[in-house]
Each structure stands twice: as C-alpha cells, then as structure tokens.
Amino acid sequence: MKNGTIWCDDQGNTIQAHGGMILRHEGVWYWYGEHKDAPVSIQNGMEHLNFVGISCYSSTDLMNWHHEGLCLTASEDPANDLYLDKIGERPKVLYNKKNNNFVMWWHVDRRDYEYAKQGVAIAERPEGPFRYVETIHPLRADSRDMTLFQDVDGKAYAIFSSDWNKTLRIGELNDDFTGYTGRYKDVMQGQSREAPALFYRDGLYYMITSGCTGWRPNSALYAVAEDLMGEWRLIDNPCMGPDYRNTFHGQSTYVFAVGEQLYLMLDHWKPGAHELKSSGYSFLPITVRGDYMEIPWQDEFVL
Ligand code: DGJ
C-alpha cells in the first residue's frame with residue numbers, strides 16, 4: 001500500500017474510511033471511517049457531500065481489506081441527526097467488555113460546522129449494524145474533531161476540540177461508554193489543536209494533534225503526560241523527512257499497534273465535495289523513547 005494515495009479493497013473499490021480508526025477484535029482488524037463516495041446536493045446554495053453513513057472494513061493482515069458495508073447508515077428522517085444534510089466525521093469505536101458490545105462515537109455537524117455535536121451508536125457485532133442512540137453537546141459544550149481512548153485500566157475517554165476549537169477536552173465516559181461521567185480535563189488551552197490521536201507506552205501518555213487549518217495540512221505536534229487527566233506538555237513535531245512541516249501533506253486520525261509496533265494513521269485530504277472521496281491514506285511507524293517521538297516518512301506501508 002503506497003502511502004499518501006487512496007487504497008482499494010478486495011473488490012477493487014476505493015476504501016472509504018476517512019478520518020478513521022482501526023480496532024482489533026478476536027484476531028480481525030476492523031477499519032471504521034467516513035464514507036465519502038456519496039451524492040452531492042445543494043444546501044443553502046452550497047455544494048454538500050451527503051451523509052450516507054460510516055463504513056466498516058475487515059482484514060486479517062492489514063493489507064487486504066473487505067468492505068463490510070455501512071455499519072451505521074443515514075436516516076431518512078430530515079429531523080434526525082443522521083439525515084443526509086448532516087456531516088459525520090472521525091468515527092471511533094471501542095469494545096465494551098462489560099456489555100459485550102461495540103460503542104461508536106463520531107462528530108456530527110452541519111455544513112457550516114456550527115452544530116458541533118457528538119453522536120453515539122451501539123452494535124452487538126464489530127461490523128454492525130450500529131443502532132443510533134443520540135447526539136449530544138458533550139459536557140454542555142461544542143465539539144468538533146474527536147477521538148476515543150481506552151486506558152490500561154479499561155476506562156474510556158472521549159477527547160475533543162471544544163470552545164470553538166481553542167481547547168482539547170478529555171472527558172471520562174461511563175462504564176457503558178455511552179455517556180460522560182462529568183469528570184474532565186482541559187488541555188492545551190488556547191492552542192487550537194485538532195485531529196487528536198492518543199496512545200500509552202511504558203508509563204507515558206502521548207497525544208498527536210494537528211493545527212486548525214480546515215482541510216489544509218499543517219505541522220503535527222505531540223504532547224506527553226504521566227497522567228491522562230494531568231498536565232500535558234507540548235514537546236515537538238514528531239515527523240521526519242520531506243514535508244515534515246506539513247505532516248507529509250496529511251493529518252492525524254488514529255494510532256494503532258501491531259504487537260509492540262505503533263502506527264500513525266493519516267488522511268491526505270482532497271478538499272471539495274466531489275474530491276473528498278479520493279483522499280489518500282498513510283500508515284507510518286512511530287518510534288518512542290520516553291518523551292522523544294519520531295515518525296519518519298515511508299513510501300510504503302509494510303509490516
Ligand atoms: C479539519 C478536521 O480535522 C476535519 O476532520 C474536517 O472537520 C475539516 N477540518 C473540515 O474543514
């Protein structure tokens with residue numbers, strides 16, 4: 001798989017799993033993401049890429065991907081937050097051991113990005129179908145780019161850009177992963193970071209983020225903390241190689257591990273209602289040593 005380009009599934013169709021994440025469950029990899037190969041309509045005089053749902057792909061080797069279809073589908077009810085006039089971005093899924101189910105959260109918005117909500121859906125199986133639960137303003141605030149993180153003790157957290165993207169908020173989720181406990185921590189206040197991707201390694205939490213420049217790439221930065229809900233320290237840009245200043249023309253979306261090896265997933269956005277579906281992907285190996293991190297560019301994703 002050539003990094004920076006759009007990849008195809010086992011049927012030869014482009015993989016539509018943008019702003020995505022990879023979950024491993026019972027020996028299978030599941031890749032969830034935004035399905036952007038959708039009709040374009042006119043909303044308030046502007047082109048709008050219709051929301052059709054969230055895609056799920058499965059693989060046993062991270063190279064060959066099978067489309068499991070839309071695991072969360074759009075609603076036909078114009079009053080519903082899954083209607084085609086909405087936006088659904090950055091879906092993330094966790095397995096909930098207590099209930100033996102799968103919980104999805106994603107960014108719900110309108111074309112003007114002023115709705116700024118989160119959606120919750122639940123499924124019995126990783127490939128769905130996910131049943132829509134509700135959309136909320138988490139902790140009574142606006143929320144745009146978001147991710148989920150499961151800590152080593154099993155607790156789950158949602159991390160989202162809030163206060164009009166000025167702050168990254170880490171909110172603790174309840175035991176069912178379906179709502180907030182009310183416990184939260186604001187980090188990187190006033191720094192306007194988005195596209196958060198977190199992981200834990202040997203006593204340290206790491207968070208890779210991007211700046212807020214719409215679809216245009218910018219410099220990634222990472223931060224570290226000893227305590228997820230403690231003080232985070234911004235460290236550096238982890239990217240190395242050509243175009244490291246603009247994250248190799250990409251933007252972070254998730255970090256997954258294959259054994260001990262960590263990989264950063266990037267989206268290479270192609271802005272425009274008709275072009276977003278052609279946005280490429282990269283999976284790049286991450287090296288960490290204490291609070292030092294490096295992510296060199298690689299032309300190919302190889303295991
Ligand atoms: C940057 C975000 O990271 C994307 O998910 C998307 O919301 C674009 N902004 C929209 O401009």
Side-chain angles (χ1 to χ4, degrees), residues 4 6 15-22 31-38 40 43-44 46-55 72 81 85-93 104-119 135 137-138 141-149 158-169 187-188 191-198 207-223 237 239 246-255 264-282:
I6 185 86
I15 293 179
Q16 292 300 313
H18 309 278
M21 65 94 61
I22 286 179
W31 182 356
Y32 301 92
E34 305 162 22
H35 193 97
K36 298 293 199 194
D37 192 359
V40 174
Q43 309 281 330
N44 300 325
M46 309 278 274
E47 280 191 337
H48 169 79
L49 181 59
N50 290 357
F51 176 71
V52 290
I54 302 300
S55 259
L72 177 76
D81 278 348
D85 67 342
K86 295 296 184 298
I87 282 170
E89 291 184 349
R90 298 186 177 270
K92 303 289 176 279
V93 175
M104 177 188 290
W105 287 77
W106 75 101
H107 169 196
V108 178
D109 226 312
R110 288 187 309 240
R111 204 199 166 285
D112 60 8
Y113 284 97
E114 295 206 355
Y115 202 38
K117 291 177 93 174
Q118 293 179 358
T135 59
H137 279 119
D142 60 297
S143 167
R144 292 182 176 81
D145 278 12
M146 69 167 300
T147 193
L148 297 179
F149 175 73
I159 298 90
F160 54 97
S161 303
S162 194
D163 300 341
W164 294 87
N165 279 346
K166 284 194 182 61
T167 302
L168 270 175
R169 188 156 294 149
V187 300
M188 288 176 246
Q191 300 296 317
S192 298
R193 307 302 299 171
E194 62 178 9
L198 283 81
M207 181 168 7
I208 301 168
T209 59
S210 78
C212 292
T213 52
W215 300 111
R216 279 182 302 110
N218 54 58
S219 293
L221 288 176
Y222 73 96
N237 180 344
C239 300
N246 64 13
T247 318
F248 320 118
H249 305 277
Q251 188 183 30
S252 47
T253 182
Y254 202 72
V255 172
L264 173 65
M265 298 171 70
L266 294 181
D267 293 294
H268 298 266
W269 300 115
K270 289 200 189 303
H274 298 275
E275 288 80 24
L276 272 168
K277 62 171 181 267
S278 306
S279 303
Y281 308 106
S282 290

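Just so you know, ligand 1 is whichever comes first in the structure, and atom 1 is the first atom listed for that ligand. As the structure is a computational prediction, the values presented were derived from the model and not from experiment.
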Residues forming a ring pair (Phe, Tyr, Trp, His ring centres under 6.0 Å) with Trp215, sequence neighbours excluded:
Trp269
Just by modelled atom types, is the Glu47 backbone N or O under 3.5 Å from a matching donor or acceptor in the Arg111 side chain?
yes
Which word best sums up how the rings of His107 and Tyr113 line up, parallel for under 30°, tilted for 30 to 60°, or perpendicular for over 60°?
tilted
Would you please name every residue forming a ring pair (Phe, Tyr, Trp, His ring centres under 6.0 Å) with Tyr222, sequence neighbours left out?
none
Within the protein, residues bringing a heavy atom under 4.0 Å of ligand 1, chain by chain
Glu89, Arg90, Tyr113, Asp145, Glu194, Gly214, Trp215, Gln251
Ring centroid separation Phe51 to Trp106 under 6.0 Å:
no
By salt bridge (charged side-chain N to carboxylate O under 4.0 Å, His left out), Arg110 pairs with (sequence neighbours left out) Asp112
